[in-house]
There are 2 protein chains.
Amino acid sequence: MPTKWLSKPQQQAWRAYIDSVRLLQDALDAQLQADAGMPHAYYEILVRLSEAPGRRLRMAELATGTQSSRSRVSHAVTRLEQRGWIRREPCESDRRGQNALLTDEGFAALAAAAPGHVATVRATVVDVLSAAQLRALADASCAIAAAVRASAEHDGRE
Amino acid sequence: MPTKWLSKPQQQAWRAYIDSVRLLQDALDAQLQADAGMPHAYYEILVRLSEAPGRRLRMAELATGTQSSRSRVSHAVTRLEQRGWIRREPCESDRRGQNALLTDEGFAALAAAAPGHVATVRATVVDVLSAAQLRALADASCAIAAAVRASAEHDGRE
DNA sequence: TCAATGTAGTTGAGTGTTCAAGTATTCCGT
DNA sequence: ACGGAATACTTGAACACTCAACTACATTGA
């Protein structure tokens, strides 16, 4: 099957999108690294844990919750454990499992980092889009996420 | 100033967006790594060079063109040079400068990688959104990119 | 002309991510 | 009950990126 290339407007849209994504991610990482000493991915891990009952989650849940690989989470938790922000504990019901548990220090670090992060998110995304634009962005994002998951499944099952 | 937290719909939109971004970037990297042996960032470097007159660009232009830091591009070009896909050459007009030049092998590698990449972009983004959605995504992206650049400038000048 | 300042690019150390391979445990079918 | 397959998680090596420091050249202004 011959490749169906992108039309001009499609290509422009794609580039605008992917460029903005790179800029935004770098900005988020830079802000959190400078002000809170952690990359954005780590911040998201702390957020998930802080919202979980008992501030603890199975490693796999943490991975799916943050759209990450198990390996990534495993390494990240190791790092966060070294800083005293997370503890590991064995899982009751499944002896293969581990829970990651947010410590009080971790919660404090998250609480300290949150205002600056939210300010950045507002300054770069939420406050520069109209409500309708933000909704449209969310809709498109859901469609994209679903498509990525679908195509990953496709690849997996052959 | 007390932090102005995100409203519920704002937070949902933000999470949908940032989750989809992570999924998509990982998918793009995985596809290109598997099929073409390079990460997405390297692919974009080759694309920029392929479109430039004489297939060559100053390092700094390459950096701004790919929304990257100079350091990132410098490391990447070193790596791509080792694979024979890029060559460096001194710049005529400014003896501090370097041009990155896409080799024929590099162009061939890009040509080989392009169909698979475009297919992924279609399957995950372009073909799953309506024309209107894609336009909306592009608009939002432009606003985001502008805001990121503006806030970076803000930080820089103090 | 010359010193000060700015710009272009590189480098190395430290950090984060991926990939493949590993261990340990649980699940499933017979 | 038991052997094979699946699941949960970790690990180490290779790779990519960041940050700060560095060299080299250019520009500015007195």
Side-chain angles (χ1 to χ4, degrees), chain A residues 22-23 25-45 56-83 86 88-101 152 155-157, chain B residues 22-23 25-45 56-83 86 88-101 152 155-157:
Chain A
R22 206 179 289 287
L23 282 171
Q25 296 228 119
D26 289 352
L28 292 172
D29 269 335
Q31 183 272 317
L32 277 168
Q33 193 68 62
D35 297 350
M38 64 182 132
H40 186 218
Y42 286 21
Y43 178 88
E44 286 195 315
I45 286 176
R56 78 194 65 211
L57 280 174
R58 288 288 294 272
M59 297 298 286
E61 294 177 294
L62 202 44
T64 57
T66 56
Q67 329 299 323
S68 299
S69 69
R70 278 151 194 252
S71 174
R72 176 144 81 194
V73 171
S74 199
H75 283 293
V77 167
T78 299
R79 220 84 180 59
L80 289 166
E81 208 172 13
Q82 288 167 356
R83 290 179 218 183
I86 285 186
R88 274 184 233 248
E89 60 176 25
C91 174
E92 297 284 305
S93 55
D94 186 337
R95 268 185 301 179
R96 293 168 302 180
Q98 291 275 104
N99 282 317
L101 163 58
D155 295 352
R157 68 146 161 68
Chain B
R22 206 180 287 290
L23 282 171
Q25 296 229 115
D26 289 353
L28 291 172
D29 270 335
Q31 183 271 317
L32 276 167
Q33 194 69 61
D35 297 350
M38 63 182 131
H40 185 220
Y42 286 22
Y43 179 88
E44 286 194 317
I45 287 176
R56 78 194 65 209
L57 280 175
R58 288 287 294 272
M59 296 300 285
E61 294 178 295
L62 202 44
T64 56
T66 56
Q67 330 299 324
S68 298
S69 68
R70 279 151 195 252
S71 175
R72 177 144 83 195
V73 171
S74 200
H75 284 293
V77 167
T78 299
R79 219 86 181 59
L80 290 166
E81 207 171 14
Q82 289 167 355
R83 291 179 216 181
I86 285 187
R88 274 182 231 249
E89 60 177 25
C91 174
E92 297 284 308
S93 54
D94 187 337
R95 268 186 301 179
R96 291 168 302 181
Q98 292 274 105
N99 283 317
L101 163 59
D155 295 350
R157 67 147 161 70

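First the proteins, then the strands, lettered A, B, ... as listed; each starts at 1. This structure is a prediction, so every number in the text was calculated from the model and none was measured.
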Q: For the side chain of A:His75 and the base of D:dG12, is some donor closer than 3.5 Å to an acceptor across the two?
A: yes
Q: Just wondering, are more than 12 heavy atoms of other shown residues or ligands nearer than 6.0 Å to CZ in B:Arg83?
A: yes
Q: Want to settle it: does A:Thr78 or A:Ala34 sit nearer the 5' end of DNA chain D, counting the closest nucleotide to each?
A: A:Thr78
Q: At under 4.0 Å between heavy atoms, what does A:Ala41 touch on the DNA or RNA strands: base, sugar-phosphate, or nothing?
A: sugar-phosphate
Q: Could you check whether B:Ser69 gets within reach of a base, just the sugar-phosphate, or nothing at all, counting any heavy atom under 4.0 Å?
A: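 It contacts sugar-phosphate atoms only.
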Q: How many Å lie between CD1 on A:Ile45 and P on C:dG16, as a whole number?
A: 11 Å
Q: How long is the line joining CG of A:Asp94 and P of D:dT10, in whole Å?
A: 12 Å
Q: Can you find a donor-acceptor pair, distance only, under 3.5 Å between A:Arg96 side chain and C:dT26 base?
A: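 No.
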Q: Compare the minimum distances between each of D:dC25, D:dC17, D:dC9 and the side chain of A:Ala60, then state the nucleotide with the smallest one.
A: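 In terms of side-chain proximity for A:Ala60, the closest of D:dC25, D:dC17, D:dC9 is D:dC9.
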Q: Of the nucleotides C:dG9, D:dT7, D:dA16, which one has an atom closest to the side chain of B:Met59?
A: C:dG9
Q: If you assign each of A:Ala30 and B:Gly37 to its closest nucleotide in DNA chain D, which residue comes earlier from the 5' end?
A: B:Gly37
Q: Would you check if the side chain of A:Asn99 reaches a backbone N or O of A:Leu101 as a donor-acceptor pair within less than 3.5 Å?
A: no
Q: Check the surroundings of atom CD in B:Glu92: do more than 12 heavy atoms from other residues, nucleotides or ligands lie under 6.0 Å from it?
A: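 No, the 6.0 Å shell around CD holds no more than 12 heavy atoms from other groups.
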Q: Taking CD from B:Gln67 and P from D:dT18, how many angstroms apart are they, rounded to a whole number?
A: 13 Å
Q: So what does B:Asp26 touch, heavy atoms closer than 4.0 Å: a base, only the sugar-phosphate, or nothing?
A: sugar-phosphate
Q: Can you check whether B:Arg58 has a side-chain N or O nearer than 4.0 Å to OP1 or OP2 of C:dG9?
A: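 For C:dG9, OP1/OP2 do have a side-chain N/O of B:Arg58 under 4.0 Å.
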Q: Please classify the nucleic acid contact of A:Asp29 as base, sugar-phosphate, or nothing, using heavy-atom distances under 4.0 Å.
A: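 The answer is nothing, as A:Asp29 stays clear of every strand by at least 4.0 Å.
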Q: Between B:Asp35 and B:Gln31, is any side-chain donor less than 3.5 angstrom from a side-chain acceptor?
A: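 Note: B:Asp35 and B:Gln31 side chains meet the donor-acceptor criterion.
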Q: Rounded to whole Å, please give me the gap between NE2 in B:His40 and C1' in D:dC15.
A: 18 Å
Q: Give a yes or no on whether the backbone of B:Arg22 and the side-chain of B:Gln25 come within a donor-acceptor separation of less than 3.5 Å.
A: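 No; zero donor-acceptor contacts below 3.5 Å.
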Q: Expressed as a whole number of angstroms, how long is the span from A:Gln33:CD to C:dG14:C1'?
A: 11 Å
Q: Where the side chain of B:Gln98 is concerned, which of D:dC9, D:dT18, C:dG9 is the nearest nucleotide?
A: C:dG9
Q: Between B:Ser68 and B:Thr66, does any side-chain donor sit less than 3.5 Å from a side-chain acceptor?
A: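 Side-chain D/A pair, B:Ser68 to B:Thr66: present.
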Q: Between B:Leu80 (CG) and D:dA16 (C1'), how many Å, whole number?
A: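 From B:Leu80 CG to D:dA16 C1': 12 Å.
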Q: Do the side chain of A:Ser71 and the base of D:dC9 come within less than 3.5 angstrom through a donor-acceptor pair of N or O atoms?
A: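 Such a pair does not exist between side chain and base.
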Q: So which nucleotide from C:dA8, C:dT17, D:dA26 ends up closest to the side chain of B:Arg95?
A: D:dA26
Q: Would the base of C:dT17 count as contacting A:Arg72 through its side chain, where contact means a donor and an acceptor less than 3.5 Å apart?
A: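 No, no donor-acceptor pair under 3.5 Å.
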Q: Students often get this wrong, so: under 4.0 angstrom with heavy atoms, is A:Arg83 touching a base, only sugar-phosphate, or nothing?
A: sugar-phosphate
Q: In whole Å, I'd like the distance from the CZ atom of A:Arg70 to the P atom of C:dG16.
A: 22 Å
Q: Please report, rounded to the nearest Å, how far the C1' atom of D:dA8 is from the CG atom of A:Leu57.
A: 15 Å
